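In this text, all values refer to a predicted model and were calculated from it rather than measured experimentally. Numbers restart at 1 for each chain; the letters A, B, ... are given by sequence-line order, proteins then strands. We use all heavy atoms of the structure for the numbers below, so side chains are in, but hydrogens, waters and symmetry mates are not.
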Number of protein chains: 2
Amino acid sequence: MSTLPRATQADVARLAGVSSKTVSRVFAGTGDVSATTQERVLSAAKRLRFRPNGLARNLRRGGVTNTIAFVMGDLKNPFYFQVAAGVERELAASGFTMLLATTDDSPASEEVVVDALLSQRVRALLLIPIADDQSYLDGERQLGTPIISVDRPAGNLVADSVVLRNRQGMAEAVRSLTALGHRKIAFISNPSAMYTQRERLAGYREALREVGVTDSARWERLDDDPAVSAESIVRGLLDGGDPPTAIVAGNNRGSHGAIPVLRDRMPPVAFIGFDDFELADALGISVVGYDAFEFGRTAARLALERLADPVAFSRQVEIATRVIHRGSGEILPPAQ
Amino acid sequence: MSTLPRATQADVARLAGVSSKTVSRVFAGTGDVSATTQERVLSAAKRLRFRPNGLARNLRRGGVTNTIAFVMGDLKNPFYFQVAAGVERELAASGFTMLLATTDDSPASEEVVVDALLSQRVRALLLIPIADDQSYLDGERQLGTPIISVDRPAGNLVADSVVLRNRQGMAEAVRSLTALGHRKIAFISNPSAMYTQRERLAGYREALREVGVTDSARWERLDDDPAVSAESIVRGLLDGGDPPTAIVAGNNRGSHGAIPVLRDRMPPVAFIGFDDFELADALGISVVGYDAFEFGRTAARLALERLADPVAFSRQVEIATRVIHRGSGEILPPAQ
DNA sequence: AAAGCAAATGTCCACGCTGTCTGACTCTGT
DNA sequence: ACAGAGTCAGACAGCGTGGACATTTGCTTT
């Protein structure tokens with residue numbers, strides 16, 4: 001089974017006894033071609049397994065492709081996966097294909113990866129910034145390529161962006177706890193996603209300050225050591241002297257660590273996570289939730305809109321979050 | 001901010017006072033260019049924000065891209081997301097970019113989507129077949145494009161494939177239950193992924209036959225109605241007359257439905273799911289597990305290997321599964 | 001039947017890049 | 001001083017397609 005060479009328009013034209021331009025017309029669906037000719041061309045094409053060369057087509061059409069790149073740090077995170085799903089769906093609805101690339105959470109590789117994608121003439125770039133500085137994209141932006149910063153703002157670059165209402169969401173969660181009388185509220189997270197965690201931490205502090213708690217630092221656990229499990233951090237908090245009566249988590253990793261510890265704990269400890277997850281409902285875990293799929297769609301929509309109007313002002317969109325009450329966050333503090 | 005036109009090699013050459021071929025040499029890293037010239041070219045390129053056009057380059061080089069397509073039915077399923085992550089990682093390690101497309105679980109759109117990707121001259125195609133027949137890909141296969149069928153075998157097409165050991169995995173799970181004395185074992189799943197569920201069902205029946213149970217049909221719940229939740233199916237089983245003493249699930253949806261029902265159930269009901277999930281460990285849920293990320297890597301590796309050796313015999317790879325005991329599957333049947 | 005016109009098909013070339021080939025220049029050894 | 005080797009840069013063509021324009025065909029109109 002030697003692989004036969006790929007047929008071109010010219011090959012099809014020769015077999016069908018027409019000019020290559022006619023073959024072009026048949027496959028591009030442009031211009032008038034008689035039914036007889038069309039049939040002859042199609043049958044010749046089929047025989048030769050001809051498929052138009054999209055590369056050549058795109059080149060001829062001015063280097064315009066129908067792919068849009070989405071660059072993220074780490075595909076393994078289910079949250080980003082949902083976002084990617086939303087992006088893909090929205091793009092596909094407009095006839096675009098998603099080129100998915102990862103930077104392996106390495107700031108150094110971000111520019112390399114992005115550069116390779118831009119060379120392939122993607123129509124737009126959706127990026128979850130991992131490096132601190134995206135000024136290297138400014139040239140491309142000026143050339144008219146829409147650049148959308150996702151989940152965190154881009155550094156040193158004018159770009160459209162979509163982020164969560166991190167601060168407000170967390171503040172709202174903490175307020176729901178202080179309203180029940182909680183004052184000793186711990187915050188756990190691993191700050192791998194710097195920006196979001198910083199915002200959520202700020203929201204946590206803000207809500208505590210509102211009720212006069214200013215020494216929250218002693219309840220904050222921001223370890224980033226992957227060797228230390230979230231579970232052990234929660235245990236450390238609760239088994240130490242003066243344990244908190246409530247815990248909020250800055251991300252899902254914290255929630256997963258807290259769940260096994262908090263079950264059947266006496267006295268019960270209130271808990272609210274950040275990021276919803278499938279079993280949260282079944283387990284009665286309150287969280288700050290949002291629609292990750294819609295998040296992705298919004299990012300994609302921004303790219304499409306900028307494609308349609310390249311000179312519009314840049315836009316910063318915030319995705320709503322809300323506290324979803326499922327029981328774990330409605331536990332009262334133990335009576336003094 | 002009018003968008004300036006994109007510079008080409010010729011523009012850079014003009015500004016640098018060299019020929020376009022020299023610019024090509026600088027950016028392709030081929031041939032000898034003196035340090036002085038190189039510097040002049042690079043500075044001119046920077047001034048014009050020049051970036052080589054990958055489309056033109058690929059066309060010139062014989063229509064060979066560095067993208068590999070992965071087509072799946074539905075991105076929302078976290079299992080496929082893990083697989084995609086594995087694919088991406090393995091491809092990136094070899095310098096390829098993943099083009100991700102979905103068919104929205106619609107058999108009709110599969111060929112359309114695949115066709116568009118092949119037109120873009122992807123180097124290889126990884127496909128989770130959703131239609132029953134992939135014979136339309138035979139021509140492309142003969143042209144030398146590696147085609148890898150993922151998670152289910154392709155229909156009417158010679159192709160490499162990677163699938164799970166569905167049947168053996170499920171049989172092993174059921175055997176671990178029969179070994180404890182269970183005989184009334186229910187099987188729940190929604191057969192949206194026909195092939196895998198059929199295999200798992202076969203494994204379930206096989207293991208039951210081994211201990212003389214032949215009337216398993218009354219314990220099988222294969223509803224595909226999305227309006228009927230897995231949870232209500234489990235409830236229906238347990239609250240009916242003659243309830244099962246153990247339940248196995250054909251997929252994660254079944255597990256998620258079973259978890260809230262089985263908690264604190266008296267007498268306790270044994271349960272083993274299929275597909276691992278992050279909280280399974282914390283919740284003590286036994287499952288038939290496997291490495292989804294590695295699954296994706298294997299699929300990608302298969303594509304890369306076939307790219308290197310297009311005429312090798314087609315290969316069918318099976319990914320190992322194993323029962324992970326965490327407590328829920330080790331519950332004894334109630335004494336008669 | 002001649003003129004007029006739309007439909008159908010063809011010719012030529014450019015999109016941006018690189019492979020091949022050729023030519024100009026620099027350096028070495030005798 | 002000159003041949004031979006080595007280094008560097010340019011001219012040209014063509015990858016497969018589609019746009020601009022030219023040409024032919026078939027059919028209507030008076």
Can you measure [X] atom [atom1] to [N] atom [atom2] for me and round it to whole angstrom units?
X      : N      : atom1 : atom2 : result
A/R25  : C/dA8  : CZ    : C1'   : 8 Å
B/R51  : C/dC17 : CZ    : P     : 12 Å
A/R40  : C/dG10 : CZ    : P     : 9 Å
A/Q120 : C/dC17 : CD    : C1'   : 13 Å
A/R6   : D/dG16 : CZ    : C1'   : 12 Å

Report the nucleotide, chosen from [options], that has the shortest atom-to-atom distance to any side-chain atom of [X].
X     : options                : result
B/K21 : C/dA8, C/dT20, C/dG16  : C/dT20
B/S20 : D/dT17, D/dA9, C/dT18  : C/dT18
A/L59 : D/dT17, C/dC17, C/dC15 : C/dC15
B/S19 : D/dG10, D/dG18, C/dG10 : D/dG10
A/D32 : D/dT17, D/dG10, C/dA7  : C/dA7

Does any N or O donor sit under 3.5 Å from an N or O acceptor when you compare the side chain of B/R121 with the base of D/dG16?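 No.
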Please determine whether a side-chain nitrogen or oxygen atom of [X] lies at a distance below 4.0 Å from atom OP1 or OP2 of [N].
X     : N      : value
A/T22 : C/dG10 : yes
A/Q9  : D/dG18 : yes
A/T37 : C/dT9  : yes
B/S24 : C/dT18 : yes

Taking B/T102's backbone N and O only, do any of them form a donor-acceptor pair with A/E88's side chain (distance below 3.5 Å, no angle check)?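 Such a contact is found between A/E88 side chain and B/T102 backbone.
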So what does A/T30 hit on the nucleic acid, given a heavy-atom distance under 4.0 Å: a base, only sugar-phosphate, or nothing?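 If one applies the 4.0 Å heavy-atom cut-off, A/T30 turns out to touch nothing in the nucleic acid.
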Determine the contact category for A/F50: base if any of its heavy atoms lies under 4.0 Å from a base atom, sugar-phosphate if only primed atoms, P, OP1 or OP2 are that close, otherwise nothing.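 A/F50: backbone/sugar contact only, no base atoms under 4.0 Å.
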Would you call B/D291 and B/R297 a salt bridge, using N to O less than 4.0 angstrom?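 Not counted as a salt bridge, because no side-chain N and carboxylate O are separated by less than 4.0 Å.
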Nearest 0.5 Å, what's the CD1-OG1 distance between A/I68 and A/T145?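 Spacing of CD1 (A/I68) from OG1 (A/T145) equals 10.5 Å.
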B/S161 side, atom OG; B/E318 side, atom CD - distance, nearest 0.5 Å: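 Going from the OG atom of B/S161 to the CD atom of B/E318 covers 8.5 Å.
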For B/D160, the option from B/R315, B/R141, B/R306 that meets salt bridge (Lys or Arg N to Asp or Glu O under 4.0 Å):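 Passing option: B/R306.
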Specify the residue among B/R60 and B/A35 whose closest nucleotide of DNA chain D lies further upstream toward the 5′ end.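 Result: B/A35.
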Residue whose nearest DNA chain D nucleotide is more 5′ - B/V18 or A/P52: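 Taking each residue's closest nucleotide, the earlier one in sequence belongs to B/V18.
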